[in-house]
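Let me begin by presenting the structure, written as structure tokens, before commenting on it.
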Amino acid sequence: MTWPRREGARIGALVSNAPSIASTPSIRIRTANARSIDPRGDFVLYWMIASRRARHSFALDRAIEHARALGKPLLVLEPLRVGYPFASDRFHRFVLQGMADNAARFAETGVLYHPYVEPEPSAGKGLLAELAARAAVVVTDDYPAFFLPRMVKSAAARLPVLLEQVDSIGLLPMGASDRVFTTAYSFRFFLQKNLKEHLAHRPNPDPLKGLDIPSLAALPKGVAKRWPRASEALLSGDPAALAALPIDHSVPVSHIQGGAAAGEARLREFLKSGLPLYATDRNDPDSDAASGLSPYLHFGHISAHEVFSSLMKREAWRPEQISGVVNGQREGWWGASPEAEAFLDELITWRELGIVMCSHREDYRSFDSLPDWALKTLAKHEGDARPTLYTLAELETASTHDPLWNAAQRQLVTEGRMHNYLRMLWGKKVFEWSRSPREALETLITLNDKHAIDGRDPNSYSGILWVFGRYDRAWGPERPIYGKVRYMSSDNTAKKLKLKGYLARWSGPNGQSAPLNAGE
DNA sequence: ATCGGCTCGCGCAA
DNA sequence: TGCGCGAAGCCGAT
């Protein structure tokens, strides 16, 4: 293995350091430092940074287990920084809506929930340490991308007590595989052999119900004064409160409502009206078959386990229906309806393929992480003439000659999401219109990280790197710029899909190509 | 609209 | 070592 491997293997010895106290699968728990539990601590601290929810969470379950075993109360800290890359009104509003839901769910449970929003960069420095100094043990979320691994690593070194990272991300624990997969096909072989044993272990759907741990009435002295609870104005969506924060106000809030309640509502709606069409219509922008769940999955407002169990309940499915075939095929493994199998392939195979990649490789978003065949063919065509070139600003403002591409870009900038199928075309064209594939990759990551609510996610990087050949194969005939990397064109896409409504909705103010004002 | 052929490298199973 | 097959490809024939 020549690529940079993540430190701290997710399998083997490190996992077994975790105190075995109850039912959270040990394969999902990693000790982040070598400290121990301090039985004199006043409470158990759950540092909620990725799975931002109060239900269906292994991390919350684990924190409660500690609290129960120690006879201590539980304090939940959900922070939101302002200094992270691309912090904007859009992402803040989404996370704040989640905080409002969490505040409602933790209220009157005896668990003290502290949502903290930084008023200025680094204002939150010291808060975690201050709380950890009084804690018996700290539990946090294990998340394999963006700045989170670095942040947890540096916190782990400083905290005086045991810090555990708990993986609540997917149906397959990150610790269940010790390798990455080059195609969805080969990952399916692995899932078909290994996933079943993990399906039996689910997070508690409602761990706050009938909770039998001591209550915590107040934060330690001085904490509330220096790091006060997020204001009601922020939690209730007051635009003025958001405007006062030092974040990027040029990326406006989306109409897509954040939070666990909105995510669960979206799930219900999808199962009712989207899923029946999913097998046939999910790629058509004009039909409404897509799940729309990725923003909620990204911020942890909804859990993959909850999506899975709601889906399978609707299917009246039982685990015995798994066929047992190990063939890498998309359909025929679960023994569920075709539309359910199609959706499960998205939710599990494709989503977790990227999670596994990020959890094992530090370079998951770098150009050099592409497969050899792609690097080779891209290098061969690096010098090809590129007749159409656009700058980042031209792309960001949807100012190209291509109405379909502009429409997709406008949807991204306006709504904070882009139709799933069009994302691929969108990426291929940026590749074609950039001076080099490396530059195209940077452009795509920037546009997506900045505007997409579900950006900065393992899945986003899967989709973007797919444009350059990751998880794909060589395709003939060899073409200029693309080489053997799969080619796509707007004309063919327009022929293949129903786009009338989509183009009408996302065309510019005065017709096809009027540029968008991105406010920069 | 739907179909087959094009094309290639990988990873599974042996 | 050989074989089967692949996230969304294209093209031309029917």
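The sequence lines fix the lettering, A, B, ..., with proteins before strands; numbering per chain opens at 1. Bear in mind that the values here come from a model prediction, so they are computed numbers and not experimental data.
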Could you go through nucleotides 1-3 of chain B and list every protein N or O atom that sits under 3.5 Å from one of its N or O atoms, giving the distance for each pair?
none

[X] [atom1] - [N] [atom2] separation (whole Å):
X: A:Tyr471; N: C:dG6; atom1: OH; atom2: C1'; value: 15 Å
X: A:Leu497; N: C:dA8; atom1: CG; atom2: P; value: 13 Å
X: A:Glu331; N: C:dG6; atom1: CD; atom2: P; value: 12 Å
X: A:Arg188; N: C:dG6; atom1: CZ; atom2: C1'; value: 9 Å
X: A:Lys429; N: C:dA8; atom1: NZ; atom2: C1'; value: 14 Å
X: A:Asp472; N: C:dC5; atom1: CG; atom2: P; value: 18 Å
X: A:Arg282; N: C:dA7; atom1: CZ; atom2: P; value: 12 Å
X: A:Met424; N: C:dA8; atom1: CE; atom2: P; value: 11 Å

Given A:Phe190, A:Phe189, A:Trp350, the one that forms ring pair (Phe, Tyr, Trp, His ring centres under 6.0 Å) with A:Phe181: A:Phe190

May I ask you to list the residues of residues 337-354 of chain A, by number, that have any heavy atom positioned under 4.0 Å from an atom of DNA chain C?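 The stretch gives A:Glu346, A:Trp350 as the residues lying under 4.0 Å from the strand, ordered by number.
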
NZ or CZ of [X] within 45° of [Y] ring axis and under 6.0 Å:
X: A:Arg53; Y: A:Phe299; result: no
X: A:Arg365; Y: A:Phe146; result: no
X: A:Lys428; Y: A:Trp466; result: yes

Quick one: closest heavy-atom pair of A:Trp333 and A:Val325, and the distance?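 Nearest pair, atom of A:Trp333 first, then A:Val325: CD1-O, 3.5 Å.
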
Ignoring hydrogens, what is the shortest heavy-atom contact between A:Met174 and A:Asp167? Give both atom names and the distance. N-OD2, 2.7 Å

Those residues of residues 486-494 of chain A lying under 4.0 Å from DNA chain B by at least one heavy atom: none

Sugar-phosphate atoms are those with a prime plus P, OP1 and OP2; base atoms are the rest. Using that split, label each nucleotide of nucleotides 5-14 of chain B B, S or - for protein heavy atoms under 4.0 Å, 5' to 3'. --BBSSSSS-

[X] vs [Y] side-chain heavy atoms within contact, under 4.5 Å:
X: A:Arg150; Y: A:Phe147; result: yes
X: A:His451; Y: A:Glu396; result: yes
X: A:Glu432; Y: A:Thr388; result: no

For side chain to side chain donor-acceptor pair (under 3.5 Å), just list the numbers for A:Asn102 and A:Glu78, CA-CA rounded to whole Å, side-chain angles, deciding distance to a tenth of an Å, and then say yes or no. CA-CA 9 Å; A:Asn102 288 340; A:Glu78 185 181 359; 3.0 Å; yes

Which residues share a ring pair (Phe, Tyr, Trp, His ring centres under 6.0 Å) with A:His198, sequence neighbours left out: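 Applying ring pair (Phe, Tyr, Trp, His ring centres under 6.0 Å) to A:His198 gives none.
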
Counting any heavy atom closer than 4.0 Å, what does A:Arg479 reach on the DNA or RNA strands: base, sugar-phosphate only, or nothing?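 Since only primed, P, OP1 and OP2 atoms lie under 4.0 Å of A:Arg479, the category is sugar-phosphate.
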
Report, as yes or no, whether the 6.0 Å neighbourhood of atom CZ on A:Arg202 holds more than 12 heavy atoms from other residues, nucleotides or ligands. no

If you count every heavy atom of other residues, nucleotides or ligands that lies below 6.0 Å from A:Lys196 atom NZ, does the total exceed 12?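 Yes, the 6.0 Å shell around NZ holds more than 12 heavy atoms from other groups.
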
Between A:Ser369 and A:Arg470, does any side-chain donor sit less than 3.5 Å from a side-chain acceptor? yes

What do the steps show when you test A:Thr400 against A:Asn406 for side chain to side chain donor-acceptor pair (under 3.5 Å), and what is the final call? CA-CA 6 Å; A:Thr400 78; A:Asn406 289 343; 2.7 Å; yes

Is any side-chain nitrogen or oxygen of A:Gln329 closer than 4.0 Å to OP1 or OP2 of C:dG4? no

Could you give the distance separating B:dT7 and C:dG12 at their P atoms, to the nearest angstrom?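 Going atom to atom, P in each nucleotide, I get 14 Å.
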
Could you write out DNA chain B as a dot-bracket string, with dots for unpaired bases, | for bases paired across to another strand, and Watson-Crick or G-U pairs counted at under 3.5 Å? ||||||.||||||.

Among A:Trp475, A:Tyr487, A:Phe468, exactly one meets side chain to side chain contact (heavy atoms under 4.5 Å, CB included) together with A:Tyr482. Which residue is that?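 The option that passes is A:Tyr487.
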
